[in-house]
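One-based numbering along the sequence shown. Computation of the quantities below employed the complete heavy-atom set of this structure, encompassing side-chain atoms and omitting hydrogens, waters and symmetry-equivalent molecules.
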Amino acid sequence: MISRRIHRQFLPAISNSRSFRSDAALEAISNAIEEKVPNLVLYNYPSFSGAFSALFAHLYHSRLRIPSLILPFSSVVPFSVKDLCLERFERCYLLDFVAPKDFAATTTDCEIVCFDHRKSAASKLGSVKKRFQVNVDVDKSSSKAVYEYFSCKLASSEEESLSLLDDEDRTRVESVLDYIEDIDLRRWRLPDIKAFSFGLKEWRSRVNCITNPYMYEQLLRMSSEDLIACGNSYFSSRVIDAKRVLKQNKVLKIRLGRGFYGECLGMRADGNHELSDELGKLLSLQSAASGLRPIGAVTFMQRNNLKMCLRSTDDTTDTSEVAKAYGGGGTCCSSSFIIRMDEYNEWTAKDPT
């Protein structure tokens, strides 16, 4: 594949994998300019929508044998317009982010094509010049928009027999895109979406095409079923750990708001706060079985503060009313707040004052 060979040729070894504006990346840009590569592709890192968008850009240019340079773009250490020498490229794709202010201010003839799905994107655009093609859709993830864009672009090319994805890959990749969109748009509606999200996190360090030359092949092989299985396996192990911790520690009756919000079961989890979610849900079930409110209260020290996390497995129970009353917040089934030690003692006292 031409695009891949050019990409590797332009990217020498990098001594610091976290440095995006590195000497190696700048050298890659210089080499691309020298070879008169027409298209520059920058994708949002470490976004999975950005990584899959880069994959589709890579496949498109490879199918048509069009040279391109693809680089991760980090807002932490961003490239400047001067670094990129945009006037030497015909087109620059910004995948999963909109053009920074210095892009908009430049007078280059390079066509800039942006894709983003965030509601804040439109406000960042400011005055957009004619050479900008901006694609912001808050109802569609950037990766899906880029997928459709390059699929249509390839279909309209003279090479009629080409498609962006093979039949074998299409169903698998599109399923992954559905799940990523569910996360990007903060819907969290698809089955096992939380397990998928956790399984996906394991890949975050691998979506840098500079340090991982196999990124495209790995993304193509990614399966939503495998990611869900990975997430579920992890969650199952955490529940086992939580049950062990719960068995080894004393369970207390908690008078929420000194009894104003009823009573539930709780425990101290100092040293095991990473299991607070699982512990809270187990306590919620025990609390309901004991005739108390279906809420689990997990308390631990965090940066010299006493933090209480409330969890409920009952959809009709709102834990956030308690948290908000004490300066915290959250959702109906999951909330937290900082509580004073003297107040906590009142909530756990057998003979409250």
Side-chain angles (χ1 to χ4, degrees), residues 48 175-176 178-180 182-183 186-206 222-254 256 261-303 305-323 328-339 344 347-348:
F48 288 104
S175 174
V176 173
D178 286 340
Y179 274 88
I180 289 177
D182 203 41
I183 297 171
R186 301 181 181 182
R187 292 170 177 164
W188 300 91
R189 298 172 185 167
L190 293 181
D192 298 307
I193 183 62
K194 290 186 177 179
F196 174 90
S197 177
F198 181 84
L200 195 64
K201 288 178 181 178
E202 296 292 304
W203 288 80
R204 193 170 296 279
S205 62
R206 297 183 237 176
M222 189 179 287
S223 159
S224 55
E225 289 82 3
D226 290 344
L227 294 173
I228 289 170
C230 175
N232 281 331
S233 175
Y234 173 77
F235 290 149
S236 295
S237 67
R238 286 176 65 90
V239 171
I240 293 173
D241 291 341
K243 287 181 178 179
R244 174 182 53 79
V245 171
L246 188 59
K247 188 176 182 180
Q248 295 173 349
N249 288 271
K250 183 179 179 181
V251 174
L252 308 170
K253 182 183 287 188
I254 305 293
L256 297 168
Y261 297 101
E263 297 179 335
C264 71
L265 294 182
M267 65 173 289
R268 287 294 295 262
D270 299 298
N272 294 289
H273 64 275
E274 72 280 358
L275 296 173
S276 60
D277 186 65
E278 290 79 7
L279 288 169
K281 290 175 180 177
L282 291 173
L283 286 166
S284 170
L285 294 172
Q286 288 189 14
S287 188
S290 301
L292 305 176
R293 292 196 69 186
I295 295 176
V298 180
T299 311
F300 52 89
M301 292 299 298
Q302 184 182 69
R303 294 189 293 273
N305 290 312
L306 190 62
K307 183 175 182 178
M308 179 174 285
C309 297
L310 303 179
R311 299 292 185 268
S312 180
T313 53
D314 187 308
D315 292 337
T316 63
T317 299
D318 185 5
T319 68
S320 68
E321 64 176 351
V322 183
T331 63
C332 291
C333 296
S334 175
S335 61
S336 63
F337 56 98
I338 301 299
I339 184 171
Y344 174 76
W347 291 23
T348 58

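The CD atom of E278 sits 10.5 Å away from the OG atom of S236 when rounded to the nearest 0.5 Å. In this structure, CG on N249 lies 9.0 Å from CG on D270, to the nearest 0.5 angstrom. Between the CD1 atom in I338 and the CG atom in N305 there is a gap of 4.5 Å [rounded to 0.5 Å]. Considering CG of L190 and CG of D182, their distance stands at 4.0 Å, rounded to 0.5 Å. Between atom NZ of residue K194 and atom CG of residue D277 there is a gap of 7.0 Å, rounded to the nearest 0.5 Å. With rounding to the nearest 0.5 angstrom, the CG atom of L283 is 10.5 Å from the OG1 atom of T313.
Judged by distance alone, the side chain of S237 and the main-chain N or O of Y234 form a donor-acceptor pair under 3.5 Å. Side chain of S276 to main chain of H273: a donor-acceptor pair is present (N/O by atom type, distance under 3.5 Å, no hydrogens or angles). Side-chain N or O atoms of S290 include one that pairs as donor or acceptor with a backbone N or O of Q286 at under 3.5 Å. Using modelled atom types, no side-chain atom of S320 and backbone atom of A323 make a donor-acceptor pair closer than 3.5 Å. With hydrogens and angles disregarded, a donor-acceptor distance shorter than 3.5 Å links the side chain of T319 to the backbone of C332. Although no hydrogens or angles enter the test, the distance criterion places no donor-acceptor pair under 3.5 Å between the side chain of N232 and the main chain of A195. S284 places a side-chain N or O within donor-acceptor distance of the main-chain N or O of P294, the cut-off being under 3.5 Å.
Between the side chains of S224 and S175, at least one donor-acceptor pair of N or O atoms lies under 3.5 Å. No donor-acceptor contact under 3.5 angstrom links the side chains of S312 and D314, judged on distance only.
Two residues are said to be in side-chain contact when any heavy atoms from C-beta on lie closer than 4.5 Å; L265 and I254 fail this criterion. At a threshold of 4.5 Å between non-hydrogen side-chain atoms, the residues R244 and D241 count as touching. Using a 4.5 Å cut-off on side-chain heavy atoms (C-beta onward), Y344 and T348 make contact. A 4.5 Å side-chain heavy-atom check between S287 and I295 finds every atom pair outside the cut-off. You'll find the side chain of M267 reaches within 4.5 Å of the side chain of V245, heavy atoms only. Residues M308 and W347 meet the side-chain proximity criterion, which asks for heavy atoms closer than 4.5 Å. The side-chain heavy atoms of E263 and L256, taken from C-beta on, include no pair separated by under 4.5 Å. In this structure, K307 and T299 have side chains that are not in contact, with every pair of non-hydrogen atoms separated by 4.5 Å or more.
For D226, the side chain to side chain contact (heavy atoms under 4.5 Å, CB included) partners are S223, not counting sequence neighbours. Checked against ring-ring contact (aromatic ring centres under 6.0 Å, His included), F196 has the following partners two or more places apart in sequence or in another chain: Y179.
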Would V176 and F48 count as a side chain to side chain contact (heavy atoms under 4.5 Å, CB included) here? Give the steps. CA-CA 10 Å; V176 173; F48 288 104; over 6 Å; no
Just do the side chain to side chain contact (heavy atoms under 4.5 Å, CB included) check on K281 and V239 with the steps written out, would you? CA-CA 10 Å; K281 290 175 180 177; V239 171; over 6 Å; no
Do L275 and L246 pass the side chain to side chain contact (heavy atoms under 4.5 Å, CB included) test, and can you show the C-alpha distance, the side-chain angles, and the key distance before you say yes or no? CA-CA 10 Å; L275 296 173; L246 188 59; over 6 Å; no
Check the pair F300, C309 against side chain to side chain contact (heavy atoms under 4.5 Å, CB included), reporting the backbone distance first and the verdict last. CA-CA 9 Å; F300 52 89; C309 297; 3.7 Å; yes
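Using a cut-off of 4.0 Å between Lys/Arg side-chain N and Asp/Glu carboxylate O, E321 and R293 are scored as salt-bridged.
Heavy-atom neighbours of R189 CZ from other residues, nucleotides or ligands within 6.0 Å: at or below the threshold of 12.
Between C333 and D315, the shortest heavy-atom contact is SG-OD1, 4.1 Å.
Ring-plane geometry between F235 and F198 is classed as tilted, the angle between the planes lying from 30 to 60 degrees on a 0 to 90 degree scale.
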